[in-house]
Chemist: 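One structure coming up, written as structure tokens, with questions to follow.
Not measured: the values here are computed from a predicted model.
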Amino acid sequence: MERLAEIQACFDAGQYDTVITRLTALPPITGKEWRLLGMAYMASGRFSDAELPLMRASELGNEEARVEYGNLLRLQGRFPEAIRHFETITPGLTGELALRALRWWGTADFQAGRMAEGLERCERAWRGYMALGDDELIGRVTQTVAQMHVQVGDMVRARHLYVEALRLLPADRTPIARLSALTGLANVQVLTGDFGGARVTLTQTGEALAQTQALTPRAYLLTVEAELHHLTGDQAAYLRTLQELRALVETTQDFELLMWTAARLADLYSRQGEHGRALEALLDLAPDATHAAVTMTRGVLLRRRQHHAQAAEALTRALDAPGLGEGQRLRALLHLAEARAGQGNDAGSLATFREALTALISARDRMLYRPDLQELTNLVQRALLDPDLAPDMQLVLEKLAVPDTSARSEAAAPLHLRVSTLGRAEVERGGERVPLSLEGSVLTLAYLALNPGRTRRELEASIYPDRDPKTAGDYFRAVFRELRVRLGPEVLQMEGSPKQPRYHLGPDVHVQLDVTELRRALESGDVARALALYRGPFLPGLRMESEWAEELREELRVLLTLELRGRLNRAREEGDLRRALLFAGEFLRVDPYDVGVLEARVEIARQVATPQELARYVVELHRMKS
């Protein structure tokens, strides 16, 4: 009895590794010891190791082990088995165990797609716990009910329940429950656009994290942090958090977390254009390849690869399957509308988008869908130009604005881009090069950085004046889509009339453009800096004809060569011939066809250069004249 009391004390203190070590060193004897070993494995996220001890405890007549075995089945995603198990054992239970079984039974129902039945069972358990009067147990069930209200979209109710759960859960005895409640509250704040509040709540999780070794609550906390990074545009932090989460869920094998992480990683890789890696992440991580959420994600991946017919088939199948949550259903409708538009099925696309728009108007977790609408700009634009849909579309866009602008500016991570156009076409985000497949993408990014607030017609007239309007319009849509997918949806924004929107870079987008830096260097007389920046003509490999690019290329060449010619002449006048020779060489690197400078270099070289250098310069001059 003394050994059992000591092990129980370690379990209550969250020292699960100690419990496992002691009970595996001296094997369990009683049903209670087997139960504690199984529950310690569960709390540590080692679900496969927990099954045998809980089954053994159940065989020895431990009723709590029977209840927790059903919960283990639920955590492993074996929802039909869990439901059948609870149907069998619950009628014979009494007191707190009967309420606990009802709670996990309801949760299994809810996760299996029977949301109304699941919520009703959990609320019955909640009322039962309130009748018992144990604040700690009431707090635990309160957060379960709160989580369900999040998933059905009742954010106001969920926030109230999480705050109440935190009031009831003591900080010193319930680290896992408090961590879960804080995570849930932060999640509600993220989904309703209260990013500043979410950051504050997440900072309060440190004490609870330090008191527990449990992996699953840590993993759920990472899902909220990932969502916050995603919605505030910090894609580098989003990827790092998802990769950290992947390492945890591959250890815990929690069904729900595996599904969530698989879908999010696949979605992120797909947005970055890494389609093969996206599909690999989805299929490697998802524990059930036939689940509706996996089918939906595959549909999104197919749509991004322009396989519209296959995407529409997958998304339709996902919508018809059980187990697709409301948020996933809404996303499926949005991407199905775009896939049908890609098929040329305008009527089907309009009907599907109208259904999605109806759901969006009443959605309380509106922030969740902002990245999708920012990606599906063609759908949004068509809706804004449709007299029947425009009022609702405008209402949704207003609801998608973050309500607390001060919190937004504090929370939103700025997007830092380095755009190199002189002698090459490269874009770096946060120090990492971003591959762009359309050569017009770098050109358009540079143009908008230098000429913000232009309409699409002005862009077409300036950059591609010789293209017919339809061809130019189609190309710009593809360019805008690639920039948003590869660099983040916030990189481009529209303002003004829906019929003639003006495009500009987002307010939190900071572009370091080498063209701008070159002009500043020349204005300040820093010729060394100008030469370091000038690694070649503006976008030299541009295959398409662009009048604006040609004019800018010539302007920059003239500005730099004028400065170099002046430096060359002053150096000759001052008798600094070696310096003059260097300036002549740099001039000819920029403009190798200037005969006057070639002649001047030969004249200077006759006085200060070696015979070998002079011979080379003479040959180059004769070659140009011949």
Chemist: Hey, does the side chain of R454 reach the backbone of L448 with a donor-acceptor pair shorter than 3.5 angstrom?
Modeler: no
Chemist: For R578, does the CZ atom sit with more than 12 other heavy atoms under 6.0 Å from it, leaving out its own atoms?
Modeler: no
Chemist: Quick one: does E482's side chain have a donor or acceptor within less than 3.5 Å of a partner on S441's backbone?
Modeler: no
Chemist: Test of understanding: with side chain to side chain donor-acceptor pair (under 3.5 Å), list the residues that count as partners of Y238, not counting sequence neighbours.
Modeler: none
Chemist: For E338, give me all partners under salt bridge (charged side-chain N to carboxylate O under 4.0 Å, His left out), at least two apart in sequence or on another chain.
Modeler: R382
Chemist: Given 3.5 Å as the limit, does a donor-acceptor pair link the side chain of T516 with the main chain of Q512, or not?
Modeler: no
Chemist: Could you check whether any side-chain heavy atom of R519 comes within less than 4.5 Å of a side-chain heavy atom of E555, counting everything from C-beta outward?
Modeler: yes
Chemist: Just by modelled atom types, is the L531 backbone N or O under 3.5 Å from a matching donor or acceptor in the R589 side chain?
Modeler: yes
Chemist: Hey, does the side chain of R429 reach the backbone of R486 with a donor-acceptor pair shorter than 3.5 angstrom?
Modeler: yes
Chemist: If the condition is side chain to side chain contact (heavy atoms under 4.5 Å, CB included), which residues does Q243 pass it with, not counting sequence neighbours?
Modeler: L239, Y269, R277
Chemist: Which salt bridge (Lys or Arg N to Asp or Glu O under 4.0 Å) pairs, counting each pair once, include a residue from residues 520-540, with sequence neighbours left out?
Modeler: E517-R529
Chemist: Using side chain to side chain contact (heavy atoms under 4.5 Å, CB included) as the criterion, point out the one residue from H335, R298, Q310 that pairs with L315.
Modeler: H335
Chemist: Mind checking side chain to side chain contact (heavy atoms under 4.5 Å, CB included) for L582 and listing every partner two or more places apart, or none if nothing turns up?
Modeler: none
Chemist: Using a 3.5 Å distance criterion without hydrogens, assess whether the side chain of S349 forms a donor-acceptor pair with backbone atoms of D346.
Modeler: no
Chemist: Given salt bridge (Lys or Arg N to Asp or Glu O under 4.0 Å), test E554 with R557 step by step and report yes or no.
Modeler: CA-CA 5 Å; E554 181 62 14; R557 185 193 66 80; 2.5 Å; yes
Chemist: Restricting to side chain to side chain donor-acceptor pair (under 3.5 Å), what partner residues turn up for D594, sequence neighbours left out?
Modeler: R565
Chemist: Does some side-chain heavy atom of L598 sit less than 4.5 Å from a side-chain heavy atom of V602?
Modeler: no
Chemist: With a 4.5 Å limit on heavy-atom distance, are the side chains of L522 and L562 in contact?
Modeler: no
Chemist: Looking at residues at least two apart in the chain, or sitting in another chain, which of them share a salt bridge (charged side-chain N to carboxylate O under 4.0 Å, His left out) with R579?
Modeler: D576
Chemist: Do T455 and Y503 have side-chain heavy atoms sitting under 4.5 Å apart?
Modeler: no
Chemist: Could you tell me whether the side chain of D284 reaches within less than 4.5 Å of the side chain of R246, counting heavy atoms only?
Modeler: yes
Chemist: Do you see a donor-acceptor pair shorter than 3.5 Å between the side chains of H229 and E227?
Modeler: no
Chemist: For D514 and S420, test the side chains for any donor-to-acceptor distance below 3.5 angstrom and give the result as yes or no.
Modeler: no
Chemist: Using side chain to side chain donor-acceptor pair (under 3.5 Å) as the criterion, list what pairs up with T352, not counting sequence neighbours.
Modeler: R340
Chemist: Rounded to the nearest 0.5 Å, what separation is found between the CG atom of D372 and the CG atom of L330?
Modeler: 9.0 Å
Chemist: Restricting to pairs with a member in residues 553-596, which pass ring pair (Phe, Tyr, Trp, His ring centres under 6.0 Å), not counting sequence neighbours?
Modeler: none
Chemist: Give me each pair satisfying ring pair (Phe, Tyr, Trp, His ring centres under 6.0 Å) with a member in residues 542-566, each pair once, sequence neighbours excluded.
Modeler: Y447-W548, F538-W548
Chemist: Would you indicate whether the side-chain heavy atoms of L438 and T444 approach each other to under 4.5 Å?
Modeler: no
Chemist: If you take all heavy atoms of A198 and A186, which pair is closest and at what distance?
Modeler: CB-O, 3.8 Å
Chemist: Check for a donor-acceptor pair, side chain of R553 on one end and backbone N or O of P540 on the other, with a separation under 3.5 Å.
Modeler: no
Chemist: Hey, which of L560, V558, L556 is the one that makes side chain to side chain contact (heavy atoms under 4.5 Å, CB included) with V590?
Modeler: L560
Chemist: According to salt bridge (charged side-chain N to carboxylate O under 4.0 Å, His left out), who are the partners of R567, at least two apart in sequence or on a separate chain?
Modeler: E563
Chemist: Under 4.5 Å between any side-chain heavy atoms of E603 and R572, yes or no?
Modeler: yes
Chemist: Could you check if a side-chain atom of L221 sits within less than 4.5 angstrom of a side-chain atom of L202, using non-hydrogen atoms only?
Modeler: yes
Chemist: Using side chain to side chain donor-acceptor pair (under 3.5 Å) as the criterion, list what pairs up with E613, not counting sequence neighbours.
Modeler: T610
